[in-house]
Amino acid sequence: MSTDRVEEAERADETGGGTAPAVTTLAASANALRYYSVAPGVRLNVRRGPGTGYALVRTLPEGARIPIYCQTPGTNVSGPYGTSNIWDNIADGEYVADAYVQTGSDGYVRPRCS
């Protein structure tokens, strides 16, 4: 058995079986990213940080769907989906209030921002 084949077999044992190596790629991670709908009829403000005191970066149009990379606590905001202090990171340095995003949860649905 070749060295590569031994390493592949060891990886299979560690991951619970199968002969294919367990590989996580950037493409696989990107495919797992989910998009969420902004509340109907809302043009949502995107801010530089997790709060209403941060500068306005842009405004999302009605019907926008957004990725959420991570979430973090910030200013309390009341919106169509309740009152929450959760802010969603949708791009580098861009945050929206989770109370305006239909995530299907009152809590965190993505990892905390670091």
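- Among pairs with a residue in residues 67-77, those fulfilling side chain to side chain donor-acceptor pair (under 3.5 Å) read Gln71-Asp88, Gln71-Asp98, at least two apart in sequence or across chains.
- Among residues two or more places apart in sequence or in another chain, the side-chain hydrogen bond (donor to acceptor under 3.5 Å, both in side chains) test is passed with Thr52 by none.
- Scanning for side chain to side chain contact (heavy atoms under 4.5 Å, CB included) contacts around Ser114 gives an empty result, with sequence neighbours left out.
- With sequence neighbours excluded, no residue forms a salt bridge (Lys or Arg N to Asp or Glu O under 4.0 Å) with Arg48.
- Residues satisfying the side-chain hydrogen bond (donor to acceptor under 3.5 Å, both in side chains) test with Arg43, not counting sequence neighbours, are none.
- No path of Ile, Leu, Val, Met, Phe, Trp and Tyr side chains, each step under 4.5 Å between heavy atoms, connects Val42 with Ile86, placing them in separate hydrophobic clusters.
- Side-chain heavy-atom separations under 4.5 angstrom define the hydrophobic clusters, and Tyr54 shares its cluster with no other residue.
- Pairs engaging residues 70-114 under the disulfide bond (SG atoms under 2.5 Å apart) rule: Cys70-Cys113 [sequence neighbours left out].
- Applying the side chain to side chain contact (heavy atoms under 4.5 Å, CB included) rule to Pro73 yields the partners Asn85, Tyr108, Arg112; only residues at least two apart in sequence or on another chain are considered.
- Note on Ile68: it clusters hydrophobically with Leu60, by side-chain heavy-atom contacts below 4.5 Å among ILVMFWY residues.
- Membership of an apolar cluster is not assigned to Tyr81, as no side-chain contact below 4.5 Å to another ILVMFWY residue is traced.
- Sequence neighbours left out, the pairs with a member in residues 49-70 that pass salt bridge (charged side-chain N to carboxylate O under 4.0 Å, His left out) are Arg58-Glu94.
- Between the CD1 atom in Ile90 and the CD1 atom in Ile66 there is a gap of 5.0 Å [rounded to 0.5 Å].
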